[in-house]
Each structure stands twice: as structure tokens, then as C-alpha cells.
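When a residue number appears, it is its place in the shown sequence, counting from 1.
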Amino acid sequence: MSLHSPRQMNHATNRSVRLNEDAYKGTALTTFLEWYVTETGPKLLKNALELLPEQYRSSVDPGHRSLGLLSATWYPAPMVHALLDALFGHYTPVQRQTLADRAGRHVIERLITGVYAGLFRAMASPALYAKYSPKLWSSYYRLGRLEAHVVDAGETRVRISDWPGHHELVCLINTAAAVTIFQRMGCLQVEAMRASCAAQGARCCEIVVRYVAGVRG
């Protein structure tokens, strides 16, 4: 006898179907994995891959710094989730937060000067960030909707909704990345915090970025 109502079961099924439809672009993944190897060493990467479910092992190359993933390829969200869980599952929440902060800053710094340099150059102010950040989002994730709103001269709120491929670690990384993006605009005293997160049962994820507005030099 099932302990769940038909409505609950249908919701879980729909969520699973939508998760399988979502995907992550390889560009950010490869940059992240190269950072991980540098940060933790190849031995930890190898140990983590032993925890990866068998169905995904054929998709990665343990001998390659970025596991053989390709920057232009889309990878299914369940595979990315399994990989992140294998890489970070043994860390404490505090350690995950620290590593996510470092990863977010590193990855966004690489992307700012790399393949998405032109898009980042267009984000010269919080208002322009609000205009172009949805396009940046769709460059990384197949599904989900990002909206950014400038609340006042010192605050921008970033809301991510309808994202079946959500993963809490990615939310932490995105929050750290927002700090670097606003610093690159010329903003000072930049801080970013998660006001809500789907991992805690919220309907959407929201990042609040506070800063002293500046002018990019």
C-alpha cells in the first residue's frame, strides 16, 4: 500500500521527467573540474569517481583533467548531479561552502576572460547585468529562468525559477560568482547571500547582491 497520494506521485514523476530534460553546458563544467583537480589533487578526483554510478562512468575519462568532457557539449542534469555528489559528498557543509566560494570565483574569472568575454563586457552596470544575465543563464543551463532586478542603487535581486536541474552546490557557486561579476563592474564592498533556495523547499532560488555602486575603469 502506498503512503503517497496519486497527486504526490504524479508530482514526483513529473519532476523526475523534467530533471531528465535539463542539461548543463560543458563550458563551465570543464573549467570547474580543472579547478577541482588543482585545488584537491588528482587522487581525490579518482576516489570520487569510484562513487559515481556505473551508468555514468562510461561518459568520463579519469585520466583527463576535465574528465574528457567537452566545452560545447550539453550533459544531462542527473549525470552532473551524480558527479557533484561524488566530488563533494564527503565534505562538511562548512567545507562545501568554502569550496563553492572558491570554485565560483575561479570559474567566473575564467569565463569572463574566455568564451563569454563579450557578454561580460556588456555587463558594465547592475542595470545592464539585469538585462543580459538571462542570456548568460541560457548559455550554461538548458532549462530554468533567471530574472535580475535592481532594487536600488545598492541592491540587486537575482531570482531563478522553474529550474528542474537545480543542485544546491551549484546555487552556492552561482552566489559566489555573482560577487566577482559585480566587482568586475567596478562595484565595491560586494556581498551576496541566498535569500531562498529550492534545496530548502522554496519555490525559487533568490540571491541578494548588495554593493556600493561604482564605475568600471
Side-chain angles (χ1 to χ4, degrees), residues 22 24-25 27-33 35-36 39 77 80 84 88 93-163 165-200 202-217:
D22 206 353
Y24 286 62
K25 189 70 171 292
T27 308
L29 279 175
T30 55
T31 304
F32 165 77
L33 289 168
W35 166 85
Y36 184 90
E39 185 79 11
V80 177
L84 293 175
F88 286 89
V94 172
Q95 288 173 325
R96 284 198 295 273
Q97 177 72 66
T98 300
L99 287 168
D101 286 344
R102 293 176 185 169
R105 292 171 186 271
H106 173 84
V107 170
I108 211 68
E109 285 283 1
R110 289 288 302 277
L111 295 177
I112 281 173
T113 57
V115 65
Y116 297 118
L119 184 54
F120 280 109
R121 279 196 297 271
M123 297 181 185
S125 69
L128 289 171
Y129 171 82
K131 178 180 180 180
Y132 290 110
S133 53
K135 182 177 181 180
L136 181 65
W137 175 268
S138 63
S139 299
Y140 300 150
Y141 311 103
R142 178 167 288 163
L143 300 179
R145 183 173 70 255
L146 182 147
E147 300 169 285
H149 302 281
V150 179
V151 178
D152 57 39
E155 181 177 308
T156 294
R157 288 181 175 259
V158 183
R159 179 173 295 179
I160 303 164
S161 57
D162 196 26
W163 182 24
H166 172 275
H167 192 283
E168 186 174 18
L169 181 67
V170 181
C171 256
L172 292 173
I173 290 173
N174 286 340
T175 303
V179 173
T180 298
I181 292 173
F182 276 74
Q183 288 173 336
R184 282 293 190 123
M185 291 175 196
C187 296
L188 304 173
Q189 301 176 32
V190 183
E191 297 179 340
M193 61 168 286
R194 292 187 304 160
S196 64
C197 183
Q200 277 96 53
R203 292 177 62 88
C204 64
C205 298
E206 187 170 43
I207 301 170
V208 178
V209 187
R210 296 193 173 100
Y211 47 85
V212 174
V215 179
R216 180 186 293 172

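Taking CG of Leu136 as the reference point, atom OH of Tyr141 lies at 9.0 Å (rounded to 0.5 Å). Here the straight-line distance linking atom CD of Glu206 with atom CD of Glu147 works out to 10.5 Å at 0.5 Å rounding. Distance check, rounded to the nearest 0.5 Å: CE of Met123 to OG of Ser125 gives 10.5 Å. Atom CG of Leu119 is separated from atom OH of Tyr132 by 8.5 Å, given to the nearest 0.5 angstrom. Distance check, rounded to the nearest 0.5 Å: OG of Ser138 to CG of Leu143 gives 11.0 Å. From Glu109, atom CD reaches atom CD1 of Ile181 across 10.0 Å, with rounding to the nearest 0.5 Å.
With Tyr24 contributing its side chain and Gly165 its backbone, the two residues share a donor-acceptor pair below 3.5 Å. Not a single donor-acceptor pair under 3.5 Å links the side chain of Asp162 to the backbone N or O of Arg145. No side-chain donor-acceptor contact under 3.5 Å links Trp137 to the backbone of Arg142.
In this pair, Phe88 and Trp35 present their aromatic rings parallel. The plane angle is below 30°, not in the 30 to 60° band. Using a 30° and 60° split on the angle between ring planes, Trp163 and His166 fall in the perpendicular class, above 60°.
The shortest heavy-atom contact between Leu172 and Ala100 is CB-CB, 3.5 Å. When all heavy atoms of Cys205 and Cys197 are compared, the pair lying nearest together is SG-CA, 3.8 Å. In terms of heavy-atom proximity, Thr156 sits nearest to Ala148 at CG2-CB, 4.4 Å. Annotation for Ala117 and Thr113: closest pair CB-C, 4.2 Å, computed over non-hydrogen atoms. Residues Asp152 and Tyr211 approach most closely at O-OH, 3.9 Å, considering heavy atoms. Taking all atoms of both residues into account, the shortest heavy-atom contact from Gly104 to Ala176 is CA-CB, 4.1 Å.
Taking Arg96 as the reference, nothing meets the salt bridge (charged side-chain N to carboxylate O under 4.0 Å, His left out) condition, with sequence neighbours excluded. Shown here are the ring pair (Phe, Tyr, Trp, His ring centres under 6.0 Å) partners of Tyr140, two or more places apart in sequence or in another chain: Tyr116.
Using a 4.5 Å heavy-atom cutoff, the side chains of Met185 and Pro126 are in contact. Counting only heavy atoms from C-beta outward, the side chains of Gln97 and Asp101 approach each other to under 4.5 Å. Side chains of Val80 and His167 form no contact here, defined as non-hydrogen atoms less than 4.5 Å apart.
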- Query: Between Phe32 and Leu84, is a side-chain contact (heavy atoms from CB on, under 4.5 Å) present by the stated rule, with each step listed?
  - Reply: CA-CA 11 Å; Phe32 165 77; Leu84 293 175; 3.8 Å; yes
- Query: Stepwise, does the side-chain contact (heavy atoms from CB on, under 4.5 Å) test hold for Ile108 with Arg184?
  - Reply: CA-CA 10 Å; Ile108 211 68; Arg184 282 293 190 123; over 6 Å; no
- Message: Applying side-chain contact (heavy atoms from CB on, under 4.5 Å) to His106 and Thr180, what does each step give before you reach the verdict?
- Response: CA-CA 9 Å; His106 173 84; Thr180 298; over 6 Å; no
Could you pull out every donor-acceptor pair under 3.5 Å between side chains of residues 186-194 and any protein atom, sequence neighbours left out?
| from | atom 1 | to | atom 2 | distance (Å) |
| --- | --- | --- | --- | --- |
| Arg194 | NH2 | Glu168 | OE2 | 3.4 |

